[in-house]
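When a residue number appears, it is its place in the shown sequence, counting from 1. Atoms within each ligand, like the ligands themselves, are counted from 1 in listed order. Side chains are part of it too, since the values below use all heavy atoms of this structure and drop only hydrogens, waters and symmetry mates.
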Amino acid sequence: MMQQTDNDDGPEYSKNPLIIIASNRGPFTFSAKADGSFAVKRGAGGLVTALGALAEHHEVLWVASALSRGDHEWAKQHQDRVQAVEGMYLRLIRSTRTCFQQHYNVIANPLFWFIQHQLWDTSRTPSITRKTWQAWHEGYVVTNKQFADAIAESIPQTDRPIIIFPQDYHLYLVPYFLRERLGERVQIQPFLHIPWPGPDAWRILPESMRVAILVSLLASDRVGFQTKKDAFNFVQTCRFYLPDAHSHGSRDTIYYRGREVKARAYPISIDVKKVEEIAEEPQTRLLVSQLLNAIGERSLILRVDRIEPSKNILRGLEAYRALLETYPEHRGKVQMLALLVPSRMGVDEYQDYLRDIMAEAGMINAQFSDEFWEPVRIIVGDNYHRAIAAMQLYDILLVNPIADGMNLVAKEGALVNHRNGVLLLSEHAGAFYELGEHALTVSPFDIHGTVEAIHQALTMPPNERQRRAEALRGLVRQSGVRRWFYAQVEDALRASTSQASKDSTSETPEASKSALSSTASGAPSDSTPTDSE
Ligand code: ADQ
């Protein structure tokens, strides 16, 4: 086993692999310039950082959806072919506006996201209608097939190992279509960024959709999850719904129609070096001093989230209100600051959620504020520097999601905080398994418990705060997003060495043909879908 730190260049492989990433959102955004060329903006996400580092030494192809108008124009200008961009190769997939909407705004978000975060109010929602089924066939299946076709067409003739990493719930059917086209000569290893709940949560999906997803994921060699719990839930879900799937007592392996599929945990992390650099930038320092002025001597209770029901922002506010009622001694001495990024505003539930948050915050301010103190401040907007600035200053970081694959805010906060701040962490965030021991942990549904935990944090002796904060910082520093990705590449390479000698006649899994068959051509068009998320 090779040892790396997160800033290494990555492991050296005996045979240089071709690494292919497939994700809805790509690493770059393009905008057309007046002279016909394109401005390229690199995305800030962790995966882009990890891949960027890997691409310095290895061949990396990224296949993603064209999201913006500029992306569409760029893909069209290059006749939808693979292009070299900033040290890696890129292929953008153009789909029609309707197809994209059906894929993204009807099936992936909200249906799958809501199932996997267990957000449905099942006496009322969801209703899976003819429109949903249409979106499944004409949006979700078509898009997934487009991805698999684009990947298959982009693969050169080579005897090098080829590893394909489809990312997340937008691309559940890609492994099936890839295996159908490419057989056993590639390693397929999806990574799921969001939680995988146990079998009960999946009963909401009609059988043929559910089976199509499971059968497709079982066409992979390995499926990566954030935590061992998610991996175990996946094994259980396959056993429960697929009569031919067996685990023979294993918690991390499924045997299905001649294939052995591993379910493995690869907990994602942050780019430690980059986050530390951003924390030191002049722009961030300026924001720190502005925030300090606003907070004064008060204790800062901070949250930093997308506006997203699974993040449980409303119950966080409810707990804050209950704290001010139950422990009046904190009135005027604490400040709640919520930095919220608008997200998926095309989905009704998200618009309603933002409205409810603003109403609740308004009620708290109306009830408790005085001429010197506004108990809650909500800042809506996407400003990463401000988020990192605020994280340096919290006394309490409130991370109380109903369900969360990992939650990177918990890790960023623990890394950059200067005040020995206390992390209040939901037991349903993936981060709980790594950081829970040194955080105050809460059930996201337990308002009373959250109030008591906030009070405990506000009255915690300084040496205990310091001990906890140092332990958290140490844990985050040990991990990192590059290491997260290299671990997946190493596992795939190890397996591909033994796969070379495997029987190449291994059967393609029999999926539920009816649920996977598409009823639309999925041919690219020039229409541009709206930018989402
Ligand atoms: P998300 O649900 O988006 O990611 P999270 O892991 O918290 O959740 O990452 C959000 C990122 O956006 C963080 O880097 C955070 O700092 C930033 N951010 C959030 N609010 C912000 C604000 N108001 N202003 C600026 N920046 C803000 C999904 C899964 C997670 C999983 C990640 C990675 O839902 O569980 O951890 O993918 O796998």
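Close approach to Gly381 involves these atoms of ligand 1, each under 4.0 Å from a residue heavy atom: 23 (N), 24 (N). Remark: ligand 1 atoms within the under-4.0 Å shell around heavy atoms of Gly405 are 35 (O). Ligand-side atoms of ligand 1 in range of Leu339: 23 (N), range being under 4.0 angstrom from any heavy atom. For ligand 1, the atoms closer than 4.0 angstrom to any heavy atom of Val341 are 20 (N), 21 (C), 22 (C), 23 (N), 24 (N), 27 (C). Counting atoms of ligand 1 from 1 in the listed order, those under 4.0 Å from a heavy atom of Trp113 are 34 (O). Each of the atoms 30 (C), 34 (O), 35 (O) of ligand 1 lies under 4.0 Å from some heavy atom of Asp404.
Ring-plane geometry between Tyr140 and Phe112 is classed as perpendicular, the angle between the planes exceeding 60 degrees on a 0 to 90 degree scale with a lower cut at 30. Aromatic ring pairs are classed by plane angle as parallel below 30°, tilted from 30° to 60° and perpendicular above 60°; the pair Tyr104 and His170 is parallel. Ring orientation note: the planes of Phe191 and His193 are nearly perpendicular, at an angle over 60° on the 30°/60° scale.
Inspection of the Tyr266 and Asp491 side chains reveals an N or O donor paired with an N or O acceptor under 3.5 Å. Side chains of Arg222 and Gln187: a donor-acceptor N/O pair is present below 3.5 angstrom, by distance only. A donor atom on one side chain and an acceptor atom on the other are not found under 3.5 Å apart for Lys41 and Thr29. Ser65 and Asn24 share a side-chain donor-acceptor pair at under 3.5 Å. Using modelled atom types, one finds no donor on one side chain facing an acceptor on the other under 3.5 Å when comparing Trp202 with Gln116. A donor-acceptor pair shorter than 3.5 Å cannot be found between the side chains of Asn105 and Arg344. The closest side-chain donor-acceptor pair between Trp196 and Thr237 falls under 3.5 angstrom.
For atom 10 (C) of ligand 1, the nearest protein heavy atom (residue, atom name, distance) is Val409 CG2, 4.7 Å. Considering only non-hydrogen protein atoms, atom 26 (N) of ligand 1 sits nearest to Tyr384 CD1, 3.8 Å. If you check which protein heavy atom lies closest to atom 14 (O) of ligand 1, you get Glu412 OE2, 2.7 Å. Scanning all protein heavy atoms for the shortest distance to atom 38 (O) of ligand 1 gives His193 ND1, 2.7 Å. Here the heavy atom of the protein found nearest to atom 4 (O) of ligand 1 is Arg306 NH2, 4.8 Å. In terms of protein heavy-atom proximity, atom 7 (O) of ligand 1 is closest to Leu408 N, 3.4 Å.
For the pair Arg251 and Phe232, the cation-pi criterion (under 6.0 Å, within 45° of the ring axis) is fulfilled.
For atom 30 (C) of ligand 1, the nearest protein heavy atom lies closer than 4.0 Å. Under the 4.0 angstrom criterion, atom 12 (O) of ligand 1 counts as lacking any protein heavy-atom contact. Remark: atom 19 (C) of ligand 1 lies closer than 4.0 Å to at least one protein heavy atom. Remark: atom 2 (O) of ligand 1 lies closer than 4.0 Å to at least one protein heavy atom.
Arg355 has a carboxylate O that lies under 4.0 Å from a charged side-chain N of Asp352, or vice versa, which qualifies the two as a salt bridge.
With a 4.0 Å heavy-atom cut-off, ligand 1 is reached by the side chain of Lys311 but not by its N, CA, C or O. Here Asn383 has backbone heavy atoms under 4.0 Å from ligand 1, and that is the only part of it that gets that close. The part of Asp305 lying near ligand 1 is the backbone, judged by heavy-atom distances below 4.0 Å. For Ile268, every heavy-atom contact with ligand 1 shorter than 4.0 Å involves the side chain, none the backbone. Neither the backbone nor the side chain of Trp484 comes within 4.0 Å of ligand 1, counting heavy atoms alone. Of all the heavy atoms of Leu340, the ones lying under 4.0 Å from any atom of ligand 1 belong exclusively to the backbone.
Contact check for Ile357 versus Ile307: side-chain heavy atoms found under the 4.5 Å cut-off.
Checked against a 3.5 angstrom limit, the closest N/O atoms of Val304 and ligand 1 fall outside it.
For the pair Gln226 and ligand 1, a heavy-atom separation below 4.0 Å is found.
Interatomic distance, Leu61 CG to Met88 CE, rounded to the nearest 0.5 Å: 10.0 Å.
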